Amino acid sequence: MSTVAPADDAPQQRLHAWSWLFVLLMQLRQFLVPLIALVVFGQRGDRDEMWSYVGAVIVIAVLVAVSILQYLTYHYQIGTAAITVRSGVLSRNRREIPFARIHNVVVHQNPLHRLFGVAELKLESAGGHRPEAEMRVLKLEQALALEQLVRQRGTVQAADTAGSAETAAPAEPAEDVLLALGTGDVVRIGLLSNRGWVVVLAALGAVLQIFPRARMSDAIEAGGRQLFGYASDLHVSTLGWALAALLMVVVFWLLLRVLSVVLALLRYHGFTLSERERRLTVATGLLTRMRTSVARRRIQAWTLRESTLQRWVGRRQLRIDIAAGNPGENERRDLRELAPLATVPACDALIQHLLPALAWPPTQWQPVQQRQWWRLCLPALLIVPLLAAAAVGELGPWGAAVLAWLPWSAFRAHRQMARIGYYLDERYVAIRGGWWQRWWRFAELDKLQALRLTRSPLDRRLGTASVWLDTAGAGLGTPLVLQYLPEAEARAVYEQLGRALAKRRLRW
C-alpha cells in the first residue's frame with residue numbers, strides 16, 4: 001500500500017452505485033405534498049384525469065434524471081491533508097476540506113441504508129449551519145474508513161484497487177468504552193422523561209391541520225353528546241365519577257410512559273461512548289443507527305442537567321457544545337449528549353477523565369444577592385393579576401383562584417435565587433442555577449471567544465450587571481452568563497477574564 005497521494009494526483013472516487021436512489025427518495029419526500037395535490041386537485045372539474053397522472057409521472061421522471069446526474073457529477077478525492085469534493089450539474093463546484101478543519105464526522109444509517117449495506121457521511125466544520133460535505137451514500141466500510149482517515153488526519157493510507165478506489169486504514173488501537181447504556185438504562189431514560197408528550201402534541205397538531213376545524217368541532221360535540229347520554233344511563237355516584245376520572249388520568253399517564261420508553265429505545269438503544277486517540281465517538285439507535293465522532297479539543301462548553309425525578313433516583317445528563325454548526329431542523333446531533341442519563345459519580349468521573357486539569361465539582365460557589373429574588377417572579381407579578389381580572393370577569397369570584405399562582409411563583413423564585421452561583425479560577429468558569437430543574441454549565445477559559453458586560457434599565461436602577469461569555473457552537477440552550485452581580489463585582493470579573501483571555505491562545 002502506498003501513501004495517500006496529494007489531492008490533485010489522487011484518483012477520483014464516486015459514491016455508491018445506488019446513491020442516486022437515496023437522493024431520489026429524499027427529493028420525493030420533499031415533493032410528496034405537491035405531487036399529491038397535483039393528482040387530487042388535477043382531477044377536479046371537466047379536465048381529463050389522465051393529465052394529472054401524466055404530470056405526476058413527468059415530475060418523477062425529472063427527479064430521477066436529476067438524481068442520476070447528481071450521482072454522475074459527484075466526485076471526491078482523498079489527499080494527504082484534505083478531501084476535495086466536486087459536485088454540481090449545471091454549476092460546477094469544487095470544495096477543499098482540510099482534515100484539520102473538520103470538527104465533526106457523522107455516519108448515519110437508517111433501515112434502508114442498513115438493508116443495502118451503505119451509510120451517509122457528513123463532514124462538519126466550525127460555524128457552518130450546513131455540513132461541509134454530504135456523501136449520499138457510501139459503502140459502510142468506506143464511510144467508516146473515511147471517519148478513521150479524518151481521525152488520523154491524513155496518516156491513513158489509501159488502497160488503490162482496480163475499478164473502485166477504496167479507502168483503507170491500518171489497524172488501530174481498540175476503542176476505550178467510557179460509557180455504555182444497557183436496555184435497563186434506556187428504559188429508565190424513557191420513564192424519567194416526557195418524550196411521549198412530543199408525539200401526542202405532534203399528532204394533535206397534525207389532526208388539526210388535516211381535518212377542518214368545523215368538522216372537528218362537530219365530531220367532538222357529537223361524541224360528547226353520545227358519551228354523556230351513555231353515562232346518564234349508568235346512574236353512577238359522584239364518587240364513582242371521581243374514581244373513573246382518576247383512573248383515566250392514571251391510564252393516560254401510563255400510556256405516555258410507555259410511549260416515552262419506546263421513543264427512548266428507538267433513539268438510545270446500544271448507546272456507547274468510546275474514545276480512541278483523544279477522539280470521542282458516540283454510536284446509538286435501534287432502527288436508525290447514528291455514529292458521530294469529534295476530537296476532544298473541539299468541545300467548547302459542558303452542561304449538566306437533572307430534573308426532579310432524575311434527582312430522586314440519582315441520575316444526571318451530560319451535554320456538550322462543539323465547534324460545529326448548530327443542527328438544522330429535525331436533524332439529530334447525538335454527540336451533544338455524552339451521557340443521556342448516568343449516575344452523579346459517573347458524570348463527575350467522565351468530566352475528570354476528559355478534563356483532568358480541572359477540579360470538578362467546584363469546592364465553593366460564589367453566591368449572588370439573595371434579596372433580589374423577586375426579579376425572577378417579576379413576569380408573574382405583572383401577568384397573573386391581569387389573568388385573574390379576566391378570569392373573574394368570565395367565571396365570577398372563582399376566577400380569583402388564579403392568584404394562587406403568585407405564592408408558588410414567589411417561593412420558586414426564592415429557591416432559584418438561592419441556587420444561582422458561579423465559580424472562577426485560572427482554568428475555567430462555571431455557573432449553576434435552577435431549582436426544580438437544576439443545571440450546571442462550565443467552559444475552559446481557553447475556549448472563550450468574547451466577553452460582554454451588560455446592564456438593563458433594571459440593573460442600572462439596582463446597581464447590578466451581567467457578564468456574558470461567548471463560546472463557539474453555543475446553541476439555543478442555557479447561556480453562559482453571570483447574572484445579578486453587583487456592578488463592582490461584575491466589572492472585576494470582567495476585567496479578570498479579559499486579562500486571562502489576553503494571555504491565552506484560543507484553542508478550537
Side-chain angles (χ1 to χ4, degrees), residues 98-105 124-129 132 150-151 153 178 273 275 277-282 292-305 317-327 333-339 347-348 350-362 365-366 421-433 439-454 466-483 490 493-508:
F99 290 114
R101 300 296 182 185
I102 299 175
H103 285 215
N104 190 27
V105 182
E124 300 174 337
S125 65
H129 291 280
E132 294 292 335
V150 173
R151 182 189 304 118
R153 293 189 173 189
L178 304 181
L273 170 66
E275 180 185 19
E277 297 182 349
R278 299 185 62 82
R279 191 174 187 90
L280 302 178
T281 301
V282 167
T292 57
S293 64
V294 70
R296 282 171 48 174
R297 68 181 181 281
R298 305 299 190 190
I299 300 176
Q300 304 298 304
W302 306 69
T303 304
L304 280 167
R305 289 187 177 275
Q317 178 191 50
L318 177 60
R319 295 176 60 89
I320 58 173
D321 294 340
I322 57 178
N326 293 326
R333 180 67 59 73
D334 296 84
L335 193 57
R336 292 189 181 271
E337 292 183 301
L338 289 189
C347 289
D348 292 343
L350 191 57
I351 295 172
Q352 286 293 335
H353 172 75
L354 298 176
L355 298 174
L358 271 60
W360 183 266
W365 293 90
Q366 185 68 28
Y422 71 94
Y423 176 83
L424 177 62
D425 63 13
E426 296 179 353
R427 293 185 177 274
Y428 75 108
V429 58
I431 60 173
R432 70 175 186 181
W439 52 265
W440 299 258
R441 186 162 169 80
F442 58 97
E444 299 173 88
L445 298 186
D446 294 341
K447 302 301 176 69
L448 299 182
Q449 293 190 325
L451 302 175
R452 285 184 294 155
L453 181 69
T454 62
S466 299
V467 180
W468 292 76
L469 314 176
D470 294 332
T471 60
L476 300 178
T478 304
L480 193 59
V481 54
L482 283 62
Q483 291 181 298
V493 170
Y494 180 81
E495 293 175 0
Q496 179 182 353
L497 288 173
R499 290 192 299 268
L501 266 61
K503 297 178 181 178
R504 292 174 176 268
R505 180 181 178 183
L506 177 64
R507 292 193 299 113
W508 283 91

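Treat the numbers as computed from the prediction; the structure is a model and nothing was measured.
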- Message: Parallel, tilted or perpendicular: which one describes the rings of Trp302 and Phe442, with boundaries at 30° and 60°?
- Response: parallel
- Message: In the structure I gave you, are the side-chain heavy atoms of Leu354 and Arg296 within less than 4.5 Å of one another anywhere?
- Response: yes
- Do the side chains of Asp321 and Arg336 get nearer than 4.5 Å, heavy atoms only? yes
- Measure the shortest side-chain to side-chain distance between Arg279 and Val105 over non-hydrogen atoms and say whether it is less than 4.5 angstrom. yes
- Message: Looking at every non-hydrogen atom in both residues, tell me the closest pair between Ile322 and Gln300 and how far apart they are.
- Response: C-CG, 4.1 Å
- Which value, rounded to the nearest 0.5 Å, describes the distance between Leu448 atom CG and Leu501 atom CG? 5.0 Å
- Of the non-hydrogen atoms in Ile431 and Pro479, which two are nearest, and what is the gap between them? CD1-O, 3.5 Å
- Heavy atoms from other residues, nucleotides or ligands near CZ of Arg452 exceed 12 (cutoff 6.0 Å): yes
- Query: Run the side-chain contact (heavy atoms from CB on, under 4.5 Å) check on Ile351 and Leu304 step by step: do they pass?
  - Reply: CA-CA 10 Å; Ile351 295 172; Leu304 280 167; 3.9 Å; yes
- Nearest-0.5 Å distance that lies between atom CZ in Arg432 and atom CH2 in Trp439: 10.0 Å
- Task: Would you check if Pro362 and Tyr428 make a side-chain contact, meaning some heavy-atom pair closer than 4.5 Å?
- Result: yes
- Student check: side-chain heavy atoms of Arg298 and Asn104 closer than 4.5 Å: no
- Taking the side chain from Lys447 and the backbone from Ala301, do they hold a donor-acceptor pair closer than 3.5 Å? no
- Task: Locate the shortest heavy-atom distance separating Ser293 from Thr281; write the atom from each residue and the value.
- Result: CB-OG1, 3.4 Å
- Query: Under 3.5 Å, is there a donor-acceptor pair between the side chain of Glu337 and the main chain of Gln317?
  - Reply: no
- Message: Would you say that Leu178 contacts Leu338 through its side chain, given a criterion of any heavy-atom pair below 4.5 Å between the two side chains?
- Response: no
- CG on Leu482 to OH on Tyr494, rounded to 0.5 Å: 13.5 Å
- Can Leu424 and Leu445 be said to form a side-chain contact (heavy atoms from CB on, under 4.5 Å), step by step? CA-CA 9 Å; Leu424 177 62; Leu445 298 186; 4.3 Å; yes
- Message: If you define the side chain from C-beta out and look only at heavy atoms, does anything of Leu469 sit under 4.5 Å from Leu451?
- Response: yes
- Side chains of Arg101 and Glu132 in contact at under 4.5 Å (non-hydrogen atoms): no
